[in-house]
Student: 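The following block contains the structure, expressed as structure tokens.
Throughout, residue positions are numbered sequentially from 1 according to the sequence presented.
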Amino acid sequence: NEDALKQKIIISQFFGDIDSQLGYVVLSNTNTNVLSTSVNADTLTIHFRANESGSGSLTIRASSLGYFIDNSMAVTVNPIDDPPSVLNPISDQFSLEDGSERTISLGNVFTDVDDNIGLMNYYVANNSNKSIISTNIVGTDLKLIFNPNAFGKATLLISGILSEKTVTDTFNVTVSPQDDAPTLIK
């Protein structure tokens, strides 16, 4: 499968020579975009490239004293739907009390190597302090709305869902107090 750990194969089990020791080499690899190989003594190691899938063929040559024999083997690497991940974390936000609404674009926060990131749905998974900040998501824009006369700290968890897989980014919001001007009550 895609993203698999390297696989080691003892290739001497496929070749034999009754009177001398064999040497081995990979003659060809028809899909170097998906895998690479190395041979050490009688061990073939197949290295799978990250986020790549497909089929290919390896031709192995066994040789001894000027004689050789070749054998081909098919290799298929199945695709795996990787989950989305955080590409550009949202930086912590700072504002004064009664600050203006702020918009943060979520369009480049997450990424997915397998799926179209433009199809991601976003939501606020948690707001630890709704008394100082309210949130709203419109399309790919997260709106931070600072509540009047409120200050303190909040932690926001912003999640995206794509192909039934979820990714979350966390950031902090700090709202500092600001001295309000006196007002006439009566």
Student: In Å, rounded to the nearest 0.5 Å, how long is the span from CD1 of I46 to CG of L58?
Tutor: 5.5 Å
Student: If hydrophobic clusters are built by linking Ile, Leu, Val, Met, Phe, Trp and Tyr wherever their side-chain heavy atoms come under 4.5 Å apart, do Y24 and F68 end up in the same one?
Tutor: no
Student: At their closest point, which heavy atom of V109 faces which heavy atom of S105, and how far apart are they?
Tutor: CG2-O, 3.8 Å
Student: Does a side chain donor of either D17 or S20 reach within less than 3.5 Å of an acceptor in the other side chain?
Tutor: yes
Student: Side chain of E52, backbone of R49: donor and acceptor closer than 3.5 Å?
Tutor: no
Student: Any non-hydrogen side-chain atom of M120 less than 4.5 Å from a side-chain atom of V167?
Tutor: yes
Student: Got E97 and S176 here, is their nearest side-chain heavy-atom distance under 4.5 Å?
Tutor: no
Student: Would you say F110 and V113 are hydrophobically clustered, going by side-chain heavy atoms of ILVMFWY under 4.5 Å?
Tutor: no
Student: Less than 4.5 Å apart, any side-chain heavy atom of T45 and any of Q7?
Tutor: no
Student: I'd like to know if the side chain of D112 pairs up with that of S85 as donor and acceptor (distance under 3.5 Å, no hydrogens or angles considered).
Tutor: no
Student: Contact between L35 and V75 at the side-chain level, heavy atoms closer than 4.5 Å - yes or no?
Tutor: yes
Student: Spell out, yes or no, whether V138 and F146 are grouped together once hydrophobic residues are joined by side-chain heavy atoms under 4.5 Å, including indirect joins.
Tutor: no
Student: Do the side chain of N147 and the main chain of S131 share a donor and acceptor less than 3.5 angstrom apart?
Tutor: yes
Student: Check step by step if side chain to side chain donor-acceptor pair (under 3.5 Å) holds for D70 and T59.
Tutor: CA-CA 7 Å; D70 299 338; T59 301; over 6 Å; no
Student: Does some side-chain heavy atom of N149 sit less than 4.5 Å from a side-chain heavy atom of D98?
Tutor: yes
Student: Under the 3.5 angstrom rule, does the side chain of N172 hit a backbone N or O of D92 as a donor-acceptor pair?
Tutor: no
Student: Tell me whether I10 shares a hydrophobic cluster with L44, the cluster being built from Ile, Leu, Val, Met, Phe, Trp, Tyr side chains joined at under 4.5 Å.
Tutor: no
Student: Same cluster or not: are Y123 and I133 linked, directly or through other Ile, Leu, Val, Met, Phe, Trp or Tyr residues, by side-chain heavy atoms under 4.5 angstrom apart?
Tutor: no
Student: For S55, does its backbone N or O pair with a side-chain atom of N31 as donor and acceptor, under 3.5 Å?
Tutor: yes
Student: Mark yes or no for whether Q178, through its side chain, and L96, through its backbone, hold a donor-acceptor pair below 3.5 Å.
Tutor: no
Student: For I90, does its backbone N or O pair with a side-chain atom of D169 as donor and acceptor, under 3.5 Å?
Tutor: yes
Student: Working to the nearest 0.5 Å, report the span between CG of D114 and CG of N51.
Tutor: 6.5 Å
Student: Does any N or O in the side chain of S64 come within less than 3.5 Å of the main-chain N or O of L22, such that one atom is a donor and the other an acceptor?
Tutor: no
Student: Do the side-chain N and O atoms of N29 and T37 include a donor-acceptor pair separated by under 3.5 angstrom?
Tutor: no
Student: Is a side-chain donor or acceptor of N88 paired with a backbone partner of N108 at a separation under 3.5 angstrom?
Tutor: yes
Student: Going by heavy atoms in the side chains, are L162 and L119 under 4.5 Å from each other?
Tutor: yes
Student: Would you check if the side chain of N121 reaches a backbone N or O of I161 as a donor-acceptor pair within less than 3.5 Å?
Tutor: no
Student: Work out which heavy atom in S91 is nearest to a heavy atom in F171; give both atom names and the distance.
Tutor: O-CD1, 3.8 Å
Student: With no hydrogens and no angle check, do the side chains of D141 and T103 hold a donor and an acceptor under 3.5 Å apart?
Tutor: no
Student: Could you tell me if the side chain of L144 sits less than 4.5 Å from the side chain of L156, heavy atoms only?
Tutor: yes
Student: Quick one: does N136's side chain have a donor or acceptor within less than 3.5 Å of a partner on K143's backbone?
Tutor: no
Student: At their closest point, which heavy atom of G139 faces which heavy atom of I137, and how far apart are they?
Tutor: O-CG2, 3.6 Å
Student: Can you see which heavy atom on P83 is nearest to which on K165, and at what distance?
Tutor: CA-CD, 3.5 Å
